[in-house]
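One structure is given below, encoded as structure tokens.
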Amino acid sequence: KESYAAELADRPVKWTSAAYVSRDCASPESCKVLVKVGFKVRMAVTGVGWVEADRVLTENWIFLDGRWVYLPPEAVR
């Protein structure tokens with residue numbers, strides 16, 4: 001647990017927020033969900049430090065065995 005936390009703390013990108021935007025459901029069991037994520041990036045240029053930004057991501061979710069499950073991009077064909 002400690003080594004995982006240390007690895008995440010040293011990454012050049014840090015997530016700062018996530019907020020639901022909207023959904024588009026093709027059926028009661030399948031939705032595309034838009035999520036706005038905030039992040040900051042440690043720049044390699046000396047003196048710049050961290051730069052903050054946000055981006056809207058599209059995620060695929062399915063309702064399976066009574067709960068909503070996120071489908072990673074490699075699982076969607």
Side-chain angles (χ1 to χ4, degrees):
K1 178 179 173 183
E2 290 79 20
S3 65
Y4 177 74
E7 179 184 336
L8 287 181
D10 195 39
R11 290 194 175 179
V13 177
K14 297 191 184 297
W15 302 112
T16 58
S17 64
Y20 166 82
V21 175
S22 65
R23 71 176 184 267
D24 179 20
C25 300
S27 74
E29 296 85 24
S30 173
C31 293
K32 288 189 181 295
V33 178
L34 297 181
V35 180
K36 183 177 181 179
V37 295
F39 57 95
K40 57 184 183 177
V41 179
R42 185 174 48 220
M43 302 304 290
V45 178
T46 304
V48 175
W50 292 89
V51 175
E52 294 191 49
D54 57 56
R55 180 177 179 189
V56 175
L57 303 176
T58 302
E59 298 181 343
N60 292 288
W61 289 75
I62 59 170
F63 194 69
L64 182 65
D65 296 330
R67 64 186 187 117
W68 285 97
V69 179
Y70 168 71
L71 289 178
E74 60 271 12
V76 180
R77 298 178 201 232

Worksheet item: Is V41 reachable from V37 through a run of I, L, V, M, F, W or Y residues, each pair having side-chain heavy atoms under 4.5 Å apart?
Response: yes

Discussion item. Count I, L, V, M, F, W, Y as connected when their side-chain heavy atoms are under 4.5 Å apart, and connections chain through other members. Are V51 and F39 then in the same cluster?
Written reply: yes

Worksheet item: Can you get from Y70 to V21 by hopping between Ile, Leu, Val, Met, Phe, Trp and Tyr side chains that sit under 4.5 Å apart?
Response: no

Worksheet item: Does the pair E29 and I62 meet the rule for a side chain to side chain contact (heavy atoms under 4.5 Å, CB included), with working shown?
Response: CA-CA 5 Å; E29 296 85 24; I62 59 170; 5.7 Å; no

Worksheet item: Taking everything shown except K14 itself, do over 12 heavy atoms lie less than 6.0 Å from its NZ?
Response: yes

Worksheet item: Roughly how far apart are T58 OG1 and K32 NZ, rounded to 0.5 Å?
Response: 7.0 Å

Practice prompt. Decide whether W61 and L57 are clustered together by the hydrophobic rule: side chain heavy atoms of Ile, Leu, Val, Met, Phe, Trp, Tyr closer than 4.5 Å, transitively.
Written response: yes

Response to the item:
Note: W68 and C31 closest approach over all heavy atoms is CH2-SG, 3.7 Å

Fill in: Contact summary for W50 and R11, nearest pair of heavy atoms
CH2-O, 4.0 Å

Worksheet entry | Within 6.0 angstrom of R42 CZ, more than 12 heavy atoms from elsewhere | yes

Worksheet entry | In one Ile/Leu/Val/Met/Phe/Trp/Tyr side-chain cluster, 4.5 Å: L34, V69 | no

